[in-house]
Each structure stands twice: as C-alpha cells, then as structure tokens.
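Numbers for residues simply follow the sequence, beginning at 1. Just so it is clear, the structure is predicted and the values come from calculations on it, not from any experiment.
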Amino acid sequence: MPANASSPASAAAPSPIHAVVADDFAAVNRTIMAQLSSRIPLVETIGQYIIASGGKRLRPLLVLLAARALGYQGDRHVTLATLIEFMHTSTLLHDDVVDESHLRRGKATANDAWGNAPSVLVGDFLYSRSFQMMVEVGSMRIMDVLSAATCTIAEGEVQQLTNVGNPDTDEAAYFETIQGKTAMLFEAASHSGAILAEATPEQEAALQYYGRYLGLAFQLIDDLLDYQGDADAMGKNVGDDLAEGKPTLPLIQAMATGTPEQAALIRQAIRQGGLEHLDEVLEIVHATGALAYTRARAEEMADLALAQLEALPASPFRDSMADLARLAVDRQA
C-alpha cells in the first residue's frame with residue numbers, strides 16, 4: 001500500500017454531522033474492514049486503499065440517519081450502510097479508469113498505483129460483495145431499489161461518456177446525467193433506509209426525494225468548484241472537467257448567455273478537451289454569471305431536499321439531515 005494511505009477505519013473521521021449516529025458509524029467502519037476480507041491479497045490491498053482515501057461517507061451516513069429518524073432500533077442498517085459504501089467505492093474505481101484519472105482527494109488513484117485491470121476487477125468484487133450483503137439485509141423491496149439503482153447509475157455513466165466532447169449538451173441532458181450518475185445513489189441510500197425502518201408511504205417518498213435533491217445539489221457544487229475551487233482542498237486540479245471535455249452546467253450556461261465569440265471558444269474547448277483555453281474559459285464563466293447560476297440551482301435543490309424533511313418527526317437525526325443539505329451548498333471541497 002502506498003505510504004500516504006491510512007487504514008479504512010480511520011479514513012472518515014466523524015464530523016459534527018455524524019455525531020448523532022457516531023456509534024452506528026463506528027460499526028459501519030468495522031463492518032467495512034470485515035467485509036473487505038478476501039483470499040486474494042491484492043483485492044484487500046486495493047479495496048482498503050480506495051476506501052481509506054478520504055471522503056465523508058455521506059451515502060452510508062444517509063442510510064443511518066434515515067433509519068434512525070424513523071425510529072429504527074435494529075442493526076441491519078449497519079449492513080445496509082456498508083453495502084451502499086461498497087457500491088459507491090466500486091463506481092469510483094471504475095470512473096477513475098474511464099476518466100484516466102491520476103489523482104483523487106489528493107492521492108494517487110488506484111489505477112495509477114496498480115493499473116487499470118486490477119482496479120476494474122476490484123471494483124467488480126466490491127459490487128459483488130454489496131449484493132451478497134443485500135441478501136443479508138433480507139428485504140426484497142430494498143434489493144429491488146438497489147438493483148434498479150445500479151442500472152441507473154451505469155446508464156448515467158455511459159450518458160456522461162457520450163456527452164464528452166459534445167458542446168450541444170443542454171441543461172436538461174446535463175440534469176438527466178447527474179441524476180443517474182450521482183443523485184441516484186444518494187436517493188437509493190435514503191430511500192432504502194426508510195424502507196428498512198418501515199416508513200409510511202408519505203415518509204418513504206419524502207426520504208427518496210430528499211436523497212435525490214441532496215445528490216443533485218452536491219453534484220452541482222462539485223461542477224461549480226471545478227471552476228472556482230481550491231485545488232489543495234479538493235484534492236484534484238481546477239479545470240479537470242474541462243480537460244476531459246465534460247460539458248457541465250457552468251459551461252452550458254456560459255454558452256447560453258455569453259456572446260457568440262465566448263460561446264464559440266467554449267464549444268471549441270469542449271470539443272478538443274485539454275487546458276489550452278482554461279484561462280479564457282474561467283474568465284467567461286465568471287463574466288457571464290454562469291457560476292452564480294450554477295450555485296443558485298444547487299441552492300434550489302438543497303431547499304427542495306429540506307422541504308422533504310417536514311414529513312419526518314422532529315429529532316436530532318432530522319436536524320443532521322437538514323445540516324447535510326446546507327453543507328451541500330456551503331462546502332469548498
């Protein structure tokens with residue numbers, strides 16, 4: 001394992017937003033370690049490395065908060081939260097191979113350290129292990145939600161790939177893509193937590209949509225930060241999306257509202273990828289108000305997420321879910 005890696009158990013140090021489920025979160029960390037066990041050492045090595053690479057573990061946190069907000073008193077939510085994290089981690093391994101990424105959260109990607117083939121195969125292992133754990137949870141409805149989510153996520157990733165280098169991607173297509181590739185797993189996490197807690201139909205729908213809107217808000221801010229974030233805080237370089245030719249909302253809005261010359265330059269930058277036009281693009285997305293527009297859409301999604309929480313009884317768990325929606329738009333990384 002590279003020298004800068006930490007153990008999975010210490011990778012996601014609890015923050016104030018985790019405090020109300022601190023014991024559950026610790027149990028998830030222990031379960032992650034146990035479920036990474038494999039007779040093939042490289043599987044464990046890569047699995048531990050990617051899981052230890054940082055991040056807030058928001059998707060498993062959503063499972064824990066959703067279940068506890070509805071009074072769940074069992075322990076299957078720990079298994080459910082862990083398998084959601086494995087699903088997420090497997091997508092990271094595959095995404096970094098597809099995107100040919102070399103850096104994630106300030107560390108070398110698994111594909112950079114071990115190569116593409118091992119990264120893809122360990123991603124497959126984590127997906128497979130997550131389905132084993134779904135069986136342990138023992139709910140056909142949850143299995144239905146999560147298996148459908150895996151298909152939607154894969155479609156979202158393929159749709160993003162087909163959008164690369166395409167400056168004609170519009171805002172509707174962009175939102176369809178991020179709903180699939182990002183928001184779907186947030187939605188599945190909160191939705192499955194509600195099902196596990198035997199929510200009322202109204203509460204189940206509210207938590208499903210809470211996760212969807214929260215995921216959209218997070219992705220919108222991610223795409224915003226690619227043009228105005230701090231590289232050290234993000235653990236990746238500013239302009240990475242442009243380098244890959246991804247037509248995200250800041251670029252889509254800048255083309256829609258800028259001058260014909262500005263739109264033409266961005267179209268060229270998207271088509272060819274790379275960072276040759278980064279400085280000009282950064283100037284345009286600021287000058288056209290495209291970044292402010294992207295933030296406004298993120299705040300709109302966060303407000304919609306907050307509105308869903310009215311269906312839940314008052315509790316510290318609901319308060320943490322509200323804080324999470326605010327964090328989605330206030331963060332800098």
(request) Please check if any side-chain donor atom of Gln272 sits under 3.5 Å from a side-chain acceptor atom of Glu276, or the reverse. (result) yes
(message) Quick check: closest heavy atoms across Ala194 and Ala66, and the distance to 0.1 Å?
(response) N-CB, 4.3 Å
(request) For residues Leu249 and Arg297, report the shortest heavy-atom separation together with the two atoms involved. (result) CD2-CG, 4.1 Å
(request) For Glu198, look at atom CD and say whether over 12 heavy atoms of other residues, nucleotides or ligands are found less than 6.0 Å away. (result) no
(request) In sequence, state the C-alpha distance, the side-chain angles, and the governing distance for Tyr293 and Glu171, and then conclude on side chain to side chain donor-acceptor pair (under 3.5 Å). (result) CA-CA 12 Å; Tyr293 176 81; Glu171 186 170 329; 2.9 Å; yes
(request) Could you tell me whether the side chain of Thr248 reaches within less than 4.5 Å of the side chain of Asp226, counting heavy atoms only? (result) no
(message) Determine whether a donor-acceptor pair (N or O, by modelled atom type, separation under 3.5 Å) exists between the side chain of Arg68 and the backbone of Tyr72.
(response) yes
(request) Report the distance from atom CG of Leu324 to atom CG of Leu65, rounding to the nearest 0.5 Å. (result) 7.0 Å
(request) Keeping the roles fixed (side chain from Gln262, backbone from Thr259), state whether a donor-acceptor pair exists under 3.5 Å. (result) yes
(request) Decide if atom CD of Glu283 counts as having more than 12 heavy atoms of other residues, nucleotides or ligands within a radius under 6.0 Å. (result) no
(request) Apply side chain to side chain donor-acceptor pair (under 3.5 Å) to Ser119 and Asp96, showing your working. (result) CA-CA 9 Å; Ser119 295; Asp96 286 342; over 6 Å; no
(request) Identify whether Ile46 and Val97 are in the same connected component of the hydrophobic contact network (ILVMFWY, side-chain heavy atoms under 4.5 Å). (result) no
(message) Give me the atom names and distance for the closest heavy-atom approach of Ala305 to Ala325.
(response) CB-CB, 4.4 Å
(request) Say whether, by atom type as modelled, one donor and one acceptor occur between the side chain of Ser147 and the main chain of Asp144 under 3.5 angstrom. (result) yes
(message) Contact between Gln228 and Arg295 at the side-chain level, heavy atoms closer than 4.5 Å - yes or no?
(response) yes
(message) Could you see if Ile270 belongs to whatever hydrophobic cluster contains Leu161? Use Ile, Leu, Val, Met, Phe, Trp, Tyr and a side-chain cutoff under 4.5 Å.
(response) no
(request) Answer yes or no: is there a donor N or O on one side and an acceptor on the other, between the side chain of His94 and the main chain of Val120, under 3.5 Å? (result) yes
(request) Decide yes or no on side-chain contact (heavy atoms from CB on, under 4.5 Å) for Leu64 and Phe317, but give the supporting numbers first. (result) CA-CA 9 Å; Leu64 302 177; Phe317 307 106; over 6 Å; no
(message) I need the Gln203 CD to Gln308 CD distance, nearest 0.5 Å.
(response) 12.5 Å
(request) Please check if any side-chain donor atom of Gln132 sits under 3.5 Å from a side-chain acceptor atom of Arg129, or the reverse. (result) yes
(request) Flag the pair Ile84 / Leu146 as yes when at least one side-chain heavy-atom distance between them is below 4.5 Å, and no otherwise. (result) yes
(request) Working to the nearest 0.5 Å, report the span between CG of Asn116 and CG of Leu121. (result) 10.5 Å
(message) Please say yes or no: joined through hydrophobic side-chain contacts below 4.5 Å, possibly via intermediate residues, are Tyr209 and Leu62 part of one cluster?
(response) no
(message) Just verifying a value: how many Å separate Lys181 NZ and Thr152 OG1, rounded to the nearest 0.5 Å?
(response) 14.5 Å
(request) Using modelled atom types only, decide if a donor and an acceptor are shared between the side chain of Arg57 and the backbone of Phe25 within a distance under 3.5 Å. (result) no
(message) Tell me whether Arg318 contacts the main-chain N or O of Ser315 through its side chain, where contact means a donor paired with an acceptor under 3.5 Å.
(response) no
(request) Take Thr82 and Glu85, measure what side-chain contact (heavy atoms from CB on, under 4.5 Å) needs, and give me the verdict at the end. (result) CA-CA 5 Å; Thr82 303; Glu85 180 67 2; 5.6 Å; no
(request) For the residue pair Leu196 and Ser139, establish whether any side-chain heavy-atom pair is separated by less than 4.5 Å. (result) no
(request) Classify the side-chain pair Tyr49/Glu44 by whether it contains a donor and acceptor separated by less than 3.5 Å. (result) no
(request) Of all the heavy-atom pairs spanning Ala199 and Leu70, show the shortest one and how long it is. (result) CB-CD1, 3.5 Å
(request) Mind checking the CG-CD spacing from Asn166 to Gln160? Nearest 0.5 Å is all I need. (result) 12.5 Å
(message) Within the structure provided, determine whether Phe218 and Leu58 are in side-chain contact (heavy-atom separation under 4.5 Å).
(response) yes
(message) If the threshold is 4.0 Å, N to carboxylate O, is there a salt bridge linking Arg271 and Asp168?
(response) no
(request) Would you kindly confirm whether Met87 and Ile178 end up in one hydrophobic cluster when ILVMFWY residues are joined by side chain heavy atoms under 4.5 Å apart? (result) no
(message) Assess, by modelled atom type and distance only, whether the side chains of Tyr227 and Asp241 contain a donor and an acceptor separated by less than 3.5 Å.
(response) no
(request) Measure from the side-chain N and O atoms of Gln208 to the backbone N and O of Glu187, and report whether any donor-acceptor pair falls under 3.5 Å. (result) no
(request) Report yes if the distance between the aromatic ring centroids of Phe86 and Tyr127 is under 6.0 Å, otherwise no. (result) no
(request) Inspect the contact between Arg141 and Glu204 and indicate whether a charged nitrogen and a carboxylate oxygen are less than 4.0 angstrom apart. (result) yes
(request) Check whether any side-chain heavy atom of Glu244 lies under 4.5 Å from a side-chain heavy atom of Val164, and answer yes or no. (result) no
(request) Considering non-hydrogen atoms only, spot the tightest contact between Met321 and Leu207 and give its length. (result) CE-CD2, 3.4 Å
(message) I'd like to know if Tyr174 and Met255 are part of one continuous hydrophobic network [Ile/Leu/Val/Met/Phe/Trp/Tyr, side-chain heavy atoms within less than 4.5 Å].
(response) no
(message) If you compare all heavy atoms of Pro250 against all heavy atoms of Val285, which two are closest, and at what distance to 0.1 Å?
(response) O-CG1, 3.8 Å
(message) Nearest 0.5 angstrom please: Ile50 CD1 to Leu36 CG, how far?
(response) 11.5 Å
(message) Quick one about Asn163 and Thr177 (side-chain donor to acceptor, distance below 3.5 Å, no hydrogens or angles considered), yes or no?
(response) yes
(request) Would you check, one step at a time, whether the test side-chain contact (heavy atoms from CB on, under 4.5 Å) holds for Phe186 with Leu216? (result) CA-CA 9 Å; Phe186 279 81; Leu216 290 171; over 6 Å; no
(request) Go through Leu93 and Val122 one step at a time and tell me if the side-chain contact (heavy atoms from CB on, under 4.5 Å) criterion holds. (result) CA-CA 8 Å; Leu93 284 162; Val122 172; 4.1 Å; yes
(message) Measuring only between side-chain heavy atoms, which start at C-beta, is Ser90 closer than 4.5 Å to Asp124?
(response) no
(message) Quick check: do Glu136 and Gln35 have side-chain heavy atoms less than 4.5 Å from each other?
(response) yes
